[in-house]
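Input: a single structure, listed below in structure tokens.
Sequential numbering from 1 along the given sequence is applied to the chain's residues. No hydrogens, no waters, no symmetry mates; every other heavy atom, side chains included, goes into these values.
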Amino acid sequence: MEATQEIIDRIAYLQAELTKYGMAYYVKDQPLVDDATYDALYRELEELEASYPQYQTEDSPTARVGGIILPGFEKAIHEIPLYSLSDVFTKEELFAFDQRVQKTLGYEPKYVCELKIDGLSISLTYEAGRLVRAATRGDGTVGENITENIKTVQSVPLRLPQEIDLEVRGECYMPKASFLALNQKREEEGLETFANPRNAAAGSLRQLDSKITASRNLSTFLYTLADFGPLQVTTQEEALVHLGELGFRINPEHHVCHSIEEVWSFIEDFHDKRSELPYEIDGIVVKVNEFAAQNSLGFTVKAPRWATAYKFPPEEAVTTIEDIDWTI
Ligand SMILES: CC(C)(CNC(=O)c1ccc(Oc2ccccc2)cc1)c1ccc2c(N)nc(N)nc2n1
């Protein structure tokens with residue numbers, strides 16, 4: 001059915017407005033409208049796009065409901081490897097890491113500390129500002145193509161504010177509250193429950209039916225610009241700020257430290273705060289901030305020499321309320 005210009009404009013307006021509201025709610029965690037307002041506009045867009053499918057765009061907010069059922073996952077080659085991190089478990093090992101870094105650089109660098117989210121590493125590729133591929137880390141060189149599933153994760157932008165080519169990496173995770181609700185529902189349905197939010201996120205992302213992924217309330221935190229494209233950034237801190245400006249969800253708990261002692265107090269601080277976070281973390285990632293210094297330090301076969309992960313002991317399991325025996 002042909003659409004009048006008024007209808008075409010209304011569809012474009014609704015797509016842009018609902019994308020803006022979605023970004024505010026899912027990326028910035030700062031809702032602009034209440035749910036009823038959002039739902040009414042969303043229903044109007046669904047009806048208009050159903051009547052005029054020629055105007056339903058790939059990056060419309062209605063494109064996130066999933067529905068593709070894949071026969072299997074295609075392989076995804078990572079041109080730039082997704083490196084892993086060397087782990088440290090004690091203050092002494094952390095300070096030894098700093099000593100090795102200083103020996104190579106000849107000076108004490110600034111470090112940036114980031115939370116290590118207990119989720120699944122993902123890589124997102126954009127061409128001319130549009131999401132064209134999402135992949136799991138796999139072995140760092142070959143992962144699985146999970147583009148259809150990632151499109152249902154509301155915090156992942158389907159389109160960037162600039163028509164640039166870019167590759168970014170980060171974590172896809174399931175918030176603690178979603179994990180508890182999912183397990184409670186699975187228990188009621190007599191299904192096997194997930195052991196922890198990380199397994200629940202992995203199980204949700206590796207679904208062949210993207211409608212199931214869409215129902216699992218997954219979220220993301222991005223932390224690496226792998227292929228900067230035209231962006232000029234010289235430090236990891238700048239890269240995080242840039243990722244936020246591009247519309248990616250960035251974990252706010254990143255902090256530039258001017259000494260390894262400061263890194264250690266950040267680690268101690270978060271060891272205590274950990275149980276209050278709405279997501280699980282398994283450590284703190286410490287990175288030399290300046291990219292020039294990172295380049296001097298380079299990589300081992302597996303991991304960068306300019307970063308390490310201070311690992312926390314496993315957190316006491318996220319219990320469900322029912323599990324707590326109040327009689328003792
Ligand atoms: C540091 C890096 C390994 C990412 N960095 C890279 O993957 C990476 C890859 C090629 C790079 O540069 C190259 C470019 C072209 C060719 C070869 C290397 C630089 C960084 C990493 C890994 C896991 C992380 C995690 N779980 N949480 C946080 N918060 N940060 C993390 N950071």
* To do: Working to the nearest 0.5 Å, report the span between CG of D34 and OH of Y21.
  => 10.0 Å
* Asked: So if you build clusters from Ile, Leu, Val, Met, Phe, Trp, Tyr with side-chain heavy-atom gaps below 4.5 Å, do V153 and L208 land together?
  -> yes
* Asked: Do I267 and V256 share a hydrophobic cluster, counting only Ile, Leu, Val, Met, Phe, Trp and Tyr and linking them when any side-chain heavy atoms are less than 4.5 Å apart?
  -> no
* Asked: Quick one: OH on Y52 to CD1 on I11, what's the gap to the nearest 0.5 Å?
  -> 7.5 Å
* Could you walk me through whether K20 and E17 pass the salt bridge (charged side-chain N to carboxylate O under 4.0 Å, His left out) test, one step at a time? => CA-CA 5 Å; K20 186 176 72 178; E17 279 299 282; 3.1 Å; yes
* Asked: Looking only at side chains, do D9 and Q5 share a donor and an acceptor under 3.5 Å apart?
  -> yes
* Asked: In this structure, are over 12 heavy atoms from other groups packed under 6.0 Å from E192 atom CD?
  -> no
* Taking every non-hydrogen atom, the tightest pair across F179 and A200 -> CD1-CB, 3.9 Å
* To do: Measure the spacing between CD of E280 and CG of L115 and express it to the nearest 0.5 Å.
  => 13.0 Å
* **Neighbour count above 12 (heavy atom, 6.0 Å) for Y13 OH** => no
* To do: Keeping to residues at least two apart or across chains, list the ring pair (Phe, Tyr, Trp, His ring centres under 6.0 Å) pairs with something in residues 182-219.
  => none
* Asked: Atom CG of L82 and atom OG1 of T224: how far apart are they, to the nearest 0.5 Å?
  -> 8.0 Å
* **CZ-CD1 distance between R133 and I122, expressed to the nearest 0.5 angstrom** => 12.0 Å
* Asked: Between E188 and Q184, is a side-chain contact (heavy atoms from CB on, under 4.5 Å) present by the stated rule, with each step listed?
  -> CA-CA 6 Å; E188 284 154 15; Q184 216 139 358; 4.1 Å; yes
* To do: For the pair T213 (side chain) and S204 (backbone), establish whether a donor and an acceptor sit closer than 3.5 Å, ignoring hydrogens and angles.
  => yes
* Asked: Atom CG in L41, atom CD in E46: separation rounded to 0.5 Å?
  -> 12.0 Å
* Judged by atom type as modelled, is there a donor-acceptor pair below 3.5 Å linking the side chain of T300 to the main-chain atoms of A303? -> yes
* Are the side chain of E108 and the backbone N or O of I260 linked by a donor-acceptor pair below 3.5 Å? -> yes
* In terms of side-chain heavy atoms, does S219 have a donor or acceptor partner in R249 at a distance below 3.5 Å? -> yes
* Asked: Got a donor-acceptor contact below 3.5 angstrom from the N289 side chain to the V112 backbone?
  -> no
* Asked: With ring centroids as reference points, do F221 and Y279 lie under 6.0 angstrom apart?
  -> yes
* Asked: Are any side-chain N or O atoms of N145 and backbone N or O atoms of F73, one a donor and one an acceptor, separated by less than 3.5 Å?
  -> no
* Judged by atom type as modelled, is there a donor-acceptor pair below 3.5 Å linking the side chain of T104 to the main-chain atoms of R100? -> yes
* T136 side-chain N/O to E144 backbone N/O, donor-acceptor pair under 3.5 Å -> yes
* Asked: Can E167 and H78 be counted as having a side-chain donor-acceptor contact under 3.5 angstrom?
  -> no
* To do: Could you tell me whether E114 and K287 have a side-chain N and a carboxylate O separated by less than 4.0 Å?
  => yes
* Does Y25 belong to the same Ile/Leu/Val/Met/Phe/Trp/Tyr cluster as Y42, with side-chain heavy atoms less than 4.5 Å apart forming each link? -> no
* Asked: Is there a path of hydrophobic side-chain contacts, each under 4.5 Å between heavy atoms of I, L, V, M, F, W or Y residues, that connects L166 with F291?
  -> yes
* So, does S259 use its side chain to make a donor-acceptor pair with the main chain of E262 at under 3.5 Å? -> yes
* Would you kindly check if the NZ (Lys) or CZ (Arg) of K273 is within the cone defined by 45 degrees around the ring axis of F270 and under 6.0 Å from the six-membered ring centre? => yes
* Assess the side chains of T62 and E49: does a donor N or O sit below 3.5 Å from an acceptor N or O? => yes
* **Positive for salt bridge (Lys or Arg N to Asp or Glu O under 4.0 Å) with E58, one of R64, K151, R130** => K151
* Asked: Considering residues, nucleotides and ligands other than K28, do more than 12 of their heavy atoms fall under 6.0 Å from its NZ?
  -> yes
* Asked: Going by heavy atoms in the side chains, are T235 and K110 under 4.5 Å from each other?
  -> no
* State, to 0.1 Å, how close S60 and L158 come at their nearest heavy-atom pair, and which atoms those are. => O-CD1, 4.2 Å
* **Passing option when L222 is tested against V156, I250, L240 for side chain to side chain contact (heavy atoms under 4.5 Å, CB included)** => I250
* **Nearest atoms (heavy-atom pairs only) where A226 meets I80** => O-CD1, 3.5 Å
* To do: Side-chain contact test, heavy atoms from C-beta onward, threshold under 4.5 Å: evaluate it for C113 versus H254 and give yes or no.
  => no
* **D118 side chain vs P197 backbone, donor-acceptor pair below 3.5 Å** => no
* Is N217 close to M174 at the side-chain level, that is, under 4.5 Å between some pair of heavy atoms? -> no
* Neighbour count above 12 (heavy atom, 6.0 Å) for Q54 CD -> yes
* To do: Using a 4.5 Å cut-off on heavy atoms from C-beta on, say whether the side chain of D98 contacts that of V263.
  => no
* So among T220, L160, L246, L243, which one has a side chain to side chain contact (heavy atoms under 4.5 Å, CB included) with V168? -> L243
* Shortest non-hydrogen separation from V301 to Y83 and the atoms involved -> O-CE2, 4.0 Å
* For residues T308 and S86, report the shortest heavy-atom separation together with the two atoms involved. => OG1-O, 3.0 Å
* Asked: Can you find a pair of side-chain heavy atoms, one from Y223 and one from N251, that are under 4.5 Å apart?
  -> no
* Asked: Heavy atoms, side chains only, cut-off 4.5 Å: are Y38 and L18 in contact?
  -> yes
* If Ile, Leu, Val, Met, Phe, Trp and Tyr residues are connected whenever their side-chain heavy atoms lie under 4.5 Å apart, and connections chain through other members, are I212 and L218 in the same group? -> no
* Asked: Are F95 and E261 close enough that some pair of their side-chain heavy atoms sits under 4.5 Å apart?
  -> yes
* Under 30°, 30 to 60°, or over 60°: which ring-plane class applies to Y111 and F97, parallel, tilted or perpendicular? -> tilted
* Stepwise, does the side-chain contact (heavy atoms from CB on, under 4.5 Å) test hold for R198 with L120? -> CA-CA 7 Å; R198 193 212 166 284; L120 213 68; 3.3 Å; yes
* Asked: Is F312 close to I284 at the side-chain level, that is, under 4.5 Å between some pair of heavy atoms?
  -> yes
* Over all heavy atoms of both residues, which pair between P157 and L131 is shortest? Give the atoms and the distance, please. => O-CB, 4.1 Å
* **Check: Q15 side chain, Y55 main-chain N or O, donor-acceptor pair, under 3.5 Å** => yes
* Asked: Do other residues, nucleotides or ligands put more than 12 heavy atoms under 6.0 Å from R206 CZ?
  -> no
